[in-house]
*Asks:* 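This is the structure I want to talk about, given as structure tokens.
Just so it is clear, the structure is predicted and the values come from calculations on it, not from any experiment. The residues of the chain are indexed from 1 along the displayed sequence.
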Amino acid sequence: MVNARRSIIYKEISYMEFFIGGEQTLEFEFIRKLSNRPFWRKLDNASNCALRLFNNASYICTLIHWADYPPLHLKEYFDIAQDGHEEPIWKDYICPATLALVVNWLNSKECYEVWSDERGGEEIQVLCKETCEAIKKMYLCVEGRQEDFQALINIDSSRPSGFIKKGEAFNYREPLEIIEAPDVSFDDIVYSFDYIIDKLKEISETEDNNYEKSLKGFIVDLKLRLNKVPSGFNDQGSLERVYDIIDRYLGVPNVGNKASEGNLSIPSNVISAFNGQTGQPCFTSKQMGILLTAVGRLTEKDNPPGKTTLGDVVQRIAGYKSKTANANMKGQISEEEKKTVYDVLKEKFPNLADEVMKVF
């Protein structure tokens, strides 16, 4: 799953009205049925639990939105729904109730409209089915659990969602919102920096014919925002380390925290990346695509894979998003990109290096 803290990906909602909307909404029907369940009546802090339940469900849906194949991450979704609680009422009742809300949202018309342009509905249906089956198996012996879950997923499908809006990924936090967010700790930023930079690069790399300009704009904006971070982000030594990470990731000369649009210089062709664990240079997603295209042409001569169909393999080998890798391979491949790959291979794999230079 995503290697980033929750606060980096998701902005918490502090009041229930944000989720529920009017009385005719899916969410209103859900909270009404939830309030009538026997376990819910035993809670002393039902309002706080409800808000946490809705935030957890929304966070799970946000992760599902960005996952390449959500059913593979079902265990993590259960862990989020359990919310770190060990008491039986959370493990046996509130956790599956949270997942019931997830299933309701995923099956809603509004959710389909949000995602219809980005993914087919089949994997979402698989996830909903596997969630329901897992709950049935896990809570077979828990008194009333099956009845609770069935009641909570039996929501009138004609009811509109009061929360999900077309074109929005639940309460996903845009990368450039993170730096100034008062609810994001500096530790969260440092821990999640690979994710933040990857998201910035993903956005900039998919800009049509405007890669350099958009990337420069993002990095300038990010550095300027770091200079205005709230109290609690004022550890200058730590900030300098973050500036250095930004510079190394994007191939930017080290200009420290004095970055401005006037003195920030970015090479005309940004063709470097760094391993987030070792800090060593490595291939970008496009360079990995070039390499694998050349490998495919040599090893799969009768049916070589297309250069824009290798995203899944690139993701499994190097961790780059498959959609980004495919997008980066569209159009003409620059000689500089090919030469970067060629130079790595030429001594040990001369035939493969020659094939790299034929990729177009």
Side-chain angles (χ1 to χ4, degrees), residues 1-3 65-73 115-124 126-127 194-195 197-212 214-215 249-251 267-278 280-360:
M1 285 296 292
V2 179
N3 186 29
H65 180 89
W66 294 109
D68 282 326
Y69 191 70
L72 293 177
H73 308 291
W115 293 343
S116 59
D117 295 335
E118 302 180 24
R119 65 184 346 138
E122 182 178 350
E123 62 193 62
I124 297 299
V126 169
L127 176 62
D194 286 354
Y195 166 85
I197 293 298
D198 285 347
K199 278 296 176 185
L200 293 178
K201 291 182 70 178
E202 184 177 320
I203 295 169
S204 61
E205 287 175 356
T206 54
E207 290 284 335
D208 294 337
N209 303 318
N210 207 19
Y211 176 80
E212 179 188 353
S214 61
L215 182 58
Y249 258 91
L250 299 180
S268 59
N269 292 290
V270 181
I271 54 175
S272 61
F274 285 80
N275 182 289
Q277 293 183 338
T278 67
Q280 296 299 308
C282 63
F283 281 170
T284 64
S285 63
K286 180 176 285 189
Q287 291 158 4
M288 283 299 302
I290 294 169
L291 172 62
L292 290 172
T293 300
V295 169
R297 292 180 179 181
L298 289 176
T299 62
E300 314 298 324
K301 293 182 179 180
D302 295 334
N303 187 28
K307 66 179 184 178
T308 59
T309 63
L310 290 166
D312 182 60
V313 180
V314 171
Q315 176 173 305
R316 291 169 183 267
I317 292 176
Y320 294 106
K321 279 282 188 180
S322 62
K323 294 177 184 177
T324 302
N326 285 337
N328 290 341
M329 291 297 290
K330 292 179 180 178
Q332 192 75 17
I333 304 298
S334 71
E335 293 300 311
E336 290 88 352
E337 294 280 7
K338 292 189 286 188
K339 186 65 165 54
T340 298
V341 181
Y342 174 88
D343 288 342
V344 173
L345 300 172
K346 61 184 180 181
E347 292 187 6
K348 303 295 184 182
F349 299 93
N351 293 332
L352 180 57
D354 289 342
E355 192 65 34
V356 162
M357 297 306 294
K358 300 175 186 177
V359 177
F360 57 86

*Asks:* Donor-acceptor pairs are to be reported for all side-chain atoms of residues 289-305 against protein atoms at under 3.5 Å, with residues two or more places apart or in another chain.
*Replies:*
unit_1, atom_1, unit_2, atom_2, d
T293, OG1, G289, O, 2.7
T299, OG1, V295, O, 2.9

*Asks:* Considering all heavy atoms of both residues, which atom of V126 and which atom of P71 are nearest to each other, and what is their separation?
*Replies:* CG1-CG, 3.8 Å
*Asks:* Going through the distances and angles, do E335 and M357 end up as a side-chain contact (heavy atoms from CB on, under 4.5 Å)?
*Replies:* CA-CA 8 Å; E335 293 300 311; M357 297 306 294; 3.7 Å; yes
*Asks:* Tell me every residue that passes side chain to side chain donor-acceptor pair (under 3.5 Å) with E355, counting only those two or more places apart in sequence or in another chain.
*Replies:* none
*Asks:* Could you grab the distance from atom NZ of K339 to atom CD of E337, nearest 0.5 Å is fine?
*Replies:* 13.0 Å
*Asks:* Rounded to the nearest 0.5 Å, what separation is found between the CG atom of L345 and the CG atom of N351?
*Replies:* 11.0 Å
*Asks:* Identify which one of L310, V314, V313 satisfies the side-chain contact (heavy atoms from CB on, under 4.5 Å) criterion when paired with M288.
*Replies:* V314
*Asks:* Could you tell me which residues satisfy salt bridge (charged side-chain N to carboxylate O under 4.0 Å, His left out) with D354, sequence neighbours excluded, listed by chain and number?
*Replies:* none
*Asks:* Measure the CD1-NZ distance between I333 and K286 for me, rounded to the nearest 0.5 Å.
*Replies:* 5.0 Å
